[in-house]
Amino acid sequence: MAFWLQIAQKHGEGVIKTFWQRLSQQGFPNAKEAAQILSELTGEDIWTKLQQMDLHEVLRTLEQAGAKG
């Protein structure tokens, strides 16, 4: 959840909608292919970001989202 929150905060919610549209057009891509699609949309290296996800950063993101809600 924190991952998608960060994507939406950084790139807008439209990127997530576009990602799911492109993903559905690909059939059944594997995780790396799905990350590549999201990388193209965001300009970030999503595969590496997922591999190196910092749990403290995840917690901060969720706490910030909770404080706003």
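Here the structure is a predicted model, which is why all the values come from computation and not from measurement.
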- Rounded to the nearest 0.5 angstrom, the NE2-CZ distance for His11 and Phe19 is 13.0 Å
- Query: Does atom CH2 of Trp20 have more than 12 heavy-atom neighbours from other groups under 6.0 Å away?
  - Reply: no
- Item | Interatomic distance, Gln36 atom CD to Arg22 atom CZ [nearest 0.5 angstrom] | 9.0 Å
- Message: Does Ile7 form a side-chain contact (heavy atoms from CB on, under 4.5 Å) with Ile46? I'd like the steps, not just the answer.
- Response: CA-CA 10 Å; Ile7 294 293; Ile46 298 298; 4.0 Å; yes
- Message: Using every non-hydrogen atom in the two residues, find where Pro29 and Ala34 come nearest and quote the distance to one decimal.
- Response: CB-N, 4.3 Å
- Message: Quick check on the hydrophobic clustering: are Leu59 and Leu50 connected, directly or via other members, by side-chain heavy-atom contacts under 4.5 Å?
- Response: no
- When clusters are formed by joining ILVMFWY residues with side-chain heavy atoms under 4.5 Å apart, either directly or through shared neighbours, do Trp4 and Met1 land in the same one? yes
- The reported gap from CD1 in Ile37 to CD in Gln25 (rounded to nearest 0.5 angstrom) is 9.0 Å
- Main-chain N/O of Leu23 paired with Gln26 side-chain donor or acceptor, under 3.5 Å: no
- Item | Glu13 side, atom CD; Leu5 side, atom CG - distance, nearest 0.5 Å | 9.5 Å
- For Ala35 and Trp47 the tightest heavy-atom approach is CB-CE3, 3.8 Å
- About how many Å separate OG of Ser39 and CD of Glu33, when rounded to the nearest 0.5 Å? 12.5 Å
- Task: Determine whether the side chains of Gln64 and Gln9 contain a donor N or O and an acceptor N or O closer than 3.5 Å.
- Result: no
- Rounded distance [0.5 Å steps], CD in Glu63 versus NE2 in His56: 11.0 Å
- Query: Does any N or O in the side chain of Thr48 come within less than 3.5 Å of the main-chain N or O of Asp45, such that one atom is a donor and the other an acceptor?
  - Reply: no
